[in-house]
Amino acid sequence: MPGPTLFFSTLMGDEAKSIARGLQKRDPDLLDRLIEQYQYRLFRYLVYVTGNRERAEDFFQETWIRVLERGHQYDGKSKFEAWLFAIARHLVIDWQRSKKAQSLDTLTDPEQEHPLQLANETDPSPLHQVLSQETQENVQASLQKIPAIYREILVLRFQEELQIDEMAGVLSVPLSTVKSRLYRGLEALRGALQGSAVL
Amino acid sequence: MSESVHDRALQLIAQGRVEGIAEVDGAWLRAHLEECEFCAAHARQTDRALRSLRTAVIPLPDGLASRTQFRVRLRAQELREREPKRRALWVACAVSWVFGVASAPYVWSLFQWLGQRTGVPKLVWEAGFGLWWSIPALFAVAVLLMESSRKGEQTDWINQGS
């Protein structure tokens with residue numbers, strides 16, 4: 001008798017395959033359901049990556065338009081959310097490239113001079129406006145201190161609970177890079193929260 | 001207690017949260033945390049940091065999903081309207097290629113006959129035949145390739161996510 005892990009992975013595989021079939025046909029009801037189902041997760045991810053609520057809204061809508069247009073390219077072999085986040089991420093990077101005319105490597109490598117930092121750190125805390133609950137003010141203020149590239153990876157791992165190989169797919173980087181960013185991000189988060197006396 | 005023992009403990013604390021650790025390492029870490037307040041505090045801070053991240057709430061804008069659904073449906077309608085034109089382009093190209101291949105022997109004979117009648121060198125009417133037959137086909141190929149490359153511009157990066 002198959003174990004529960006196999007059962008759930010088969011169930012998820014069936015779900016992904018059924019999404020892939022629906023996207024092939026551009027099934028409007030399926031798209032409506034997916035938008036409802038993933039709205040919070042996608043919007044949260046975009047807010048963390050862009051650091052700006054209005055921009056996140058624009059990218060949210062653009063992402064779903066792309067899902068409609070390129071849905072036939074999703075084969076159902078991976079989790080739908082990983083594919084969805086990859087689309088959203090590349091839209092953000094494309095926009096950033098067109099604005100700054102920098103190379104993708106420069107944008108995404110935190111060791112370079114210009115890491116992925118869509119939110120201007122000198123502006124009056126756009127992320128803070130989004131994450132405005134009083135009880136969480138310190139936490140959110142601390143999150144702003146972390147470079148976007150680490151915020152993103154922490155969100156994917158600890159909020160979205162993607163596996164490391166899935167994150168490598170979303171970010172288009174090797175597993176070793178994902179791991180090193182996770183370790184650095186975790187340390188940066190701990191340090192930032194400790195610094196603001198949340199911990 | 002030596003520095004390296006604490007270093008190992010801190011490394012295992014992070015590794016446990018990021019990718020998991022072996023049971024034997026976990027047992028060692030638990031024993032170490034029971035007797036080392038510094039590393040235990042580090043582990044607690046790490047867990048609290050992750051809890052804070054997990055419980056962070058981002059309010060959704062009003063009507064975001066419904067606005068998006070509306071836009072997506074409009075775009076879907078546009079794509080559906082455009083689909084027959086694209087299909088017609090492919091059908092036209094296919095028909096012209098089939099017709100071109102089928103008629104090639106007759107056109108060749110025609111060029112040959114014209115060449116003999118007008119007395120132009122063989123190489124000239126052969127080149128004429130080549131151009132007559134290949135230019136429309138190359139033009140159609142170019143149109144289709146342009147269409148495909150426009151469609152495929154984002155294909156690579158989208159596939160990276162799957």
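All chains are named by letter (A, B, ...) in the order of the sequence lines, taking the proteins before the strands, and each is independently numbered beginning at 1.
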(request) Starting from the C-alpha separation in whole Å, work towards a yes-or-no answer on side-chain contact (heavy atoms from CB on, under 4.5 Å) for B:Trp28 and B:Leu12. (result) CA-CA 10 Å; B:Trp28 179 89; B:Leu12 287 176; 3.7 Å; yes
Given the options [options], which has more heavy-atom pairs under 4.5 Å with chain B than any of the others?
options	value
A:Leu84, A:Thr63, A:Ile35, A:Val178	A:Ile35
A:Glu57, A:Glu36, A:Lys77	A:Glu57
A:Phe80, A:Phe85, A:Tyr40	A:Tyr40

(request) Flag the pair B:Trp125 / B:Phe111 as yes when their ring centroid distance falls below 6.0 Å, and as no otherwise. (result) no
Chain B heavy atoms under 4.5 Å from [X]: which part of the residue, side chain, backbone, both or neither?
X	result
A:Ile65	both
A:Asp58	neither
A:Ile164	side chain
A:Gln163	neither

(message) Under a 4.5 Å cutoff for heavy-atom pairs, which residue among B:Gln15, B:Arg17, B:Gln11 has the most contacts with chain A?
(response) B:Gln15
(message) At a heavy-atom distance under 4.5 Å, which candidate from B:Pro61, B:Ala41, B:Ser66 has the highest pair count against chain A?
(response) B:Pro61
(message) Rounded at 0.5 Å granularity, tell me how far CZ in A:Arg157 sits from CD in A:Glu166.
(response) 9.5 Å
(request) With rounding to the nearest 0.5 Å, note down the distance linking CG in A:Leu171 to NE2 in A:His90. (result) 9.0 Å
(message) What part of B:Arg75 gets within 4.5 angstrom of chain A, counting heavy atoms only: side chain, backbone, both, or neither?
(response) both
(request) Apply salt bridge (charged side-chain N to carboxylate O under 4.0 Å, His left out) to the pair A:Arg190 and B:Asp47, showing each step before the final yes or no. (result) CA-CA 9 Å; A:Arg190 201 187 61 79; B:Asp47 286 338; over 6 Å; no
(request) Scan side-chain atoms only and decide if A:Glu152 and A:Tyr45 contain a donor-acceptor pair under the 3.5 Å cut-off. (result) yes
(message) Regarding B:Arg8 and B:Asp25, does a basic nitrogen lie under 4.0 Å from an acidic carboxylate oxygen?
(response) yes
